[in-house]
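Comments concern the structure below.
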Amino acid sequence: MQGIVTDEENGEPLIGVTVKIVGDNKTGVITDLNGEYSIMAKKGDKIAFSYIGMKRKVMTVKSNKMDVVLSSDAVLLDEVVAIGYGTVKKKELTGAAIQVKSDELQNVVSTDVGMALQGLVSGVSVTSSAGDPGSVANIQIRGVTSISGSNTPLFVVDGVPQEGNPNLSSNEIATIDILKDAASCAIYGTRGAAGVILITTKQGQSGKMKVSLDATYGFQEIAYDKLSQVMDTREQTYCEILDGRLDGFSDMEINYMLSKNKYYYMNNTDVMDMILEEGLRPEQSYNLTLSGGTKELTYSVMTGYYKQDGIVMNSGYDRFNMRNNLNYRKNRVKLSLSTSFSMDKTRKASGTSLGQALNFMPYTPYIDREEDEFEVPGVGYSSEVNQVSMLLRAFQTKDETNKNTFSGNFGFDYELFKSFTFTTKVGINLNNTYRENFVPNASVYDSEGTEVSVGSSSSKAMNEATRRFSLSWFGGFNYNTTFNKSHKLAVNALASYEQYDFKGFDAGRYGVMNNDIEVINGASRRPFANSKTFYIDRLLGFIGRVQYSFKEKYLLSLSTRADASSKFAKENRWGFFPSVSGGWNVSDEKFWKKLSRVMNTFKIRASYGTTGNQSFPSYSYISTVKSGIDYPTASGSVNYGSILTTYANPDVKWETSIQTNVGFDMAFMKNMFTLSGDIYRTDKKDMLATVKLPASTGVGTGTNSLVTKNVGNMLNKGIELNLGYRYAKRKFSLKTNVNFSKNVNEITNLGGDGAIMYNSNSMIISGDANSVTTVFAEGYEAGAFFLYKTSGVANTIEKLVEYQKIKPDAKMGDLIFKDMDGDGAITNNDRAYCGSGLPDFEMGWNLNIVYKNFDISTQWFASVGNEIINGAEAMSFDSGRNRALLYQWSEANTTSNIPAYRGDGKDHMNYIGYSDLWVEDGSFLRMKAITLGYTLPKVLTTRLKLSNIRFFITGQNLITLTRYSGMDPENGGNGLSTRGLDKGGYPISKKYMFGVKLDF
């Protein structure tokens, strides 16, 4: 039999429609370029016609000629969306959830699926934490969720909760469902406060075995080289002469100081030539998938290999992954088994190498990376000797981490009787890491052969090992029924248990004796061995949910979860998290029929829910005792002893988020246009935070002085919009989507009296403890910048006299700081709000066009209204290296607005890192990816005995529009306290990739 398959909307033939005989997994074809098909069948056979975006149609064979018309799938309202411990049709969805399919993730080649999500989904903020290979993106759903714990969403893979980002290959993923509102996340209770990302891996389908192979190979280069603001040798020498005069030295004294290193001035070294790898660096990815099965048993086997060589020396990433999914269904029984294994190797560049690029003096001789000894011109020690020593060690430092991960889960469903099913699933995750850190012995000698650096004292060989293990289980009963043809009811009653274990240690020695021997026994000094924090966390939960639908028109969902967490004392261990949501499919009403030709879909949603948060250190409710503290007795002997090192807070309790959400979904002109939106408000109560105790309590410093408390409240409110358009006619199709997200964050209570908490890990200049920049303060967003505000340079006598009223030791050329509190002095209380790294809004735009056998797609992302502290520029000024210092204030340049250089921030305030001098607009628009593809005609692929061949080329990060003067405006940091702080980290790269995808 034969025929033509056309589109009901425009009458055009449909290319690539799957045509199969129902019940016969061996017989199937697809329509050609003219929409025609031909298949062997007999009268009475049922033929199924399926096509993406169209309703599946089954017809009975009555003759050898059968033309078929397929209709649009009502914006895929019948597609199934995962909602946690179950699924629901999109039409019946009452919460704020969105699904991303695997083909939408393919445009971006990355080790982290999070970066592929950037710009795809409203309400989901994805920012790069760093540009180094293997780095993981920061993902925040609807704003900041915690000021001390993790802001990372809960990842659930095939129903099994994970501890952090599971770091899957995009080839393993079938769909990603993102739960954004609290009513949807409440089903996960204590772990749902930051949102939930449900990942479903690819499963096999019944029929012949299908084989898919894709290979991608390409190159990368540094995207934006903006370190050119540092001075060369000629400029640096002039600037040092100028600095000497500002410090009061005579020209004779300056000439004498310069003459001690006179051999240096024949050099003009660019340290970036030594740190960055030469040429284009390769990146490659290969994936193989096999799937198939029978009506009862299906399988899917996926394996992949990824390798990226870093653009900075000694950096790179390798990953091998494999996943096997097996499903069995017969009569009342359904079984599922999934196992996965991955091996990762991450090579980190030395943490000092990029920072040294800003401090390295250009007149220092060029250093060969392979050398571990170096002779500097001149006699005796100089400041440049330390720079040379650090770079020598950085060039040969080895920091390599190997990680092996195994995960598995087994599911069992049994239908006890009609509509009533027992379900259970158990899963495990095992993660072993082993790190080797080797810092070589680097010796520097002067021209007389005298060693002028102490290279061996900081050299070391260290090994570190950690083990993470998690066990999760849930089980219970599901009841799903429809009665009177109009009423649909689903009831879930479940229990769950989760356990997370961690242990580890590190050991090593300082004083490497031979750089060719990279083991601990190859070093000879100061041995050490330490246990890492050991913990076992347990979580017990009871879950109940009721979903009701009347004619798929009126929708109601109720759920509750009770959790008990071992992280709390017995009195505060239990938390209860209820939720309610409802929906109304207005377009199903009779009165809507007249409007349906224009707006064929209109649904209103509303929800209210609560979630909890337990993201704080384990055992915070009990004190820590440290052993090995020996003490003498009156007789002179020594006894073994232990001391209390930390205080505890037995009253610490759940942090709770309460969120309301109102949303709508619309479709126009037979789904040509789609529009959805949500408005939400989240109130966070009893926020968990680590508070620093005063030294007078006797707890010491560092982590010993921190205690976890419930300190205050926080507010998130925002709006999300998604606009889509799709069009298809003959051999042309277009699909595009624009999304918009705006979130407003504010700390509403932090203990009263205008309390401010400074983040100790937000130092913008390494080694300067005063250069902390971000705070938590009432009335401001979390991680706000609190800095000294400035008012130009004291470049006239009048300005200087006025400024000396609040800073008596001020000199001409000094930077003028504002006395914000009016107390007549410049103190830490004069710090004021200067913006933050959180944007006013974010946008994404995605476009896909297909014409005949060609396709093109592009993905754009914009972040608007966020500020950045340009720490790289601050460091270059702080070290006296920035080219702008050529034009600083001096007696020969009295009108300059560039402050005089009087030493680094620890010596003088002119170039401290915690002033508004370094704050810039961090808004940017970036083309994340653009891909051009070509699919070979079916005539050719059939001759090659293949079902599909597609070639493509891809570019990533090719265009960035921004006014930011630094290397990269995307500075995610850790997502909160270091977000928006550009410390001159690993630069991002432009990528040029080409590849092929084969389907057998």
Side-chain angles (χ1 to χ4, degrees), residues 75-77 79 81-84 88-100 117-126 139-145 153 176-188 192-198 555-557 559 579-587 599 601-611 657-668 673-684 715-724 737-746 838-846 861-862 864:
V75 143
L76 305 180
L77 291 181
E79 74 179 11
V81 178
I83 56 172
V88 67
K89 289 169 60 175
K90 188 172 182 180
K91 185 176 183 179
E92 297 175 329
L93 182 67
T94 56
I98 193 166
Q99 186 175 89
V100 179
L117 286 173
Q118 188 180 58
L120 289 180
V121 181
S122 64
V124 180
S125 176
V126 180
I139 304 176
Q140 290 183 356
I141 298 177
R142 293 189 166 180
V144 176
T145 58
I176 297 178
D177 293 278
I178 302 173
L179 311 184
K180 298 187 290 185
D181 65 323
S184 301
C185 299
I187 202 74
Y188 288 101
V196 181
I197 296 179
L198 306 174
L555 316 167
L556 178 66
S557 178
S559 74
S579 76
V580 58
S581 60
W584 178 24
N585 280 303
V586 184
S587 53
M599 186 189 297
T601 299
F602 179 38
K603 181 170 72 173
I604 299 173
R605 298 174 280 104
S607 67
Y608 172 89
T610 59
T611 54
S657 297
I658 303 171
Q659 185 179 103
T660 54
N661 186 96
V662 178
F664 65 89
D665 301 296
M666 298 177 178
F668 303 86
F673 293 93
T674 57
L675 176 65
S676 63
D678 287 272
I679 299 174
Y680 63 88
R681 177 189 174 97
T682 307
D683 292 285
K684 297 183 178 295
L715 169 68
N716 280 307
K717 57 183 179 180
I719 182 173
E720 300 163 0
L721 294 171
N722 290 276
L723 175 63
N737 174 271
V738 177
N739 60 74
F740 171 89
S741 308
K742 180 178 178 63
N743 181 81
V744 178
N745 173 266
E746 180 185 349
L838 299 177
D840 292 337
F841 65 88
E842 294 179 331
M843 293 186 68
W845 176 53
N846 308 283
F861 173 73
V864 179

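Numbers here are sequence positions counted from 1. Side chains are part of it too, since the values below use all heavy atoms of this structure and drop only hydrogens, waters and symmetry mates.
Using modelled atom types, one side-chain atom of Lys603 and one backbone atom of Leu93 make a donor-acceptor pair closer than 3.5 Å.
Dense packing is recorded around CD1 of Ile604, with more than 12 heavy atoms of other residues, nucleotides or ligands lying under 6.0 Å away. No more than 12 heavy-atom neighbours from other residues, nucleotides or ligands sit within 6.0 angstrom of NZ on Lys717.
In this view, Asn745 and Val144, Met714, Asn716, Asn743, Glu781, Ala782, Leu838 satisfy the side chain to side chain contact (heavy atoms under 4.5 Å, CB included) rule, not counting sequence neighbours. Annotation: salt bridge (charged side-chain N to carboxylate O under 4.0 Å, His left out) contacts of Lys684 (sequence neighbours excluded): none. Residues forming a side chain to side chain donor-acceptor pair (under 3.5 Å) with Asn846 (at least two apart in sequence, or on another chain): none. Among residues two or more places apart in sequence or in another chain, the side chain to side chain donor-acceptor pair (under 3.5 Å) test is passed with Ser184 by Asp181. Considering only residues two or more places apart in sequence or on other chains, Asp665 meets the side chain to side chain donor-acceptor pair (under 3.5 Å) condition with Arg605. Contacts of Phe740 classified as ring-ring contact (aromatic ring centres under 6.0 Å, His included), with partners at least two apart in sequence or in another chain: Phe841. In terms of the ring-ring contact (aromatic ring centres under 6.0 Å, His included) criterion, residue partners of Tyr188 (sequence neighbours excluded) are, by chain and number, Tyr85. The side chain to side chain donor-acceptor pair (under 3.5 Å) test applied to Gln659 returns Arg142, Thr682, not counting sequence neighbours. Listed by chain and residue number, Phe664, Met666, Phe668, Leu723 satisfy the side chain to side chain contact (heavy atoms under 4.5 Å, CB included) test with Leu675 (two or more places apart in sequence, or in another chain). Residues forming a side chain to side chain contact (heavy atoms under 4.5 Å, CB included) with Ser557 (at least two apart in sequence, or on another chain): Thr94, Arg545, Gln547, Ser581. Remark: Asp683 engages Arg681 in a salt bridge (charged side-chain N to carboxylate O under 4.0 Å, His left out) (not counting sequence neighbours). For Phe602, the ring-ring contact (aromatic ring centres under 6.0 Å, His included) test picks out Trp592, with sequence neighbours left out.
No side-chain heavy atom of Val121 sits less than 4.5 Å from a side-chain heavy atom of Asn739. With contacts defined as side-chain heavy-atom distances shorter than 4.5 Å, the pair Thr611/Thr145 does not qualify.
Of all heavy-atom pairs between Ser122 and Leu721, the closest is CB-O, 3.9 Å. Pairing each heavy atom of Ile719 with each of Tyr680, the nearest pair is N-CE2, 4.0 Å. Smallest separation of non-hydrogen atoms from Cys185 and Leu179: SG-O, 3.4 Å. Here the closest heavy-atom approach between residue Glu842 and residue Ser125 is recorded as OE2-OG, 3.0 Å. Shown here for Val196 and Ile141, the closest heavy-atom pair between the two residues is N-CD1, 4.1 Å. The shortest non-hydrogen separation linking Ala183 to Ser559 is O-OG, 4.3 Å.
For the atom pair CD1 of Ile98 and CG of Asn722, the computed distance is 4.5 Å after rounding to the nearest 0.5 Å. Ile83 CD1 to Asp177 CG: the interatomic distance, rounded to the nearest 0.5 Å, is 10.0 Å. From Leu120, atom CG reaches atom CD of Gln118 across 9.0 Å, with rounding to the nearest 0.5 Å. In this structure, NZ in Lys90 is found 8.0 Å from CD in Gln99, a value given to the nearest 0.5 Å.
Under 3.5 Å, the side chains of Thr601 and Ser587 contain no donor-acceptor pair of N or O atoms.
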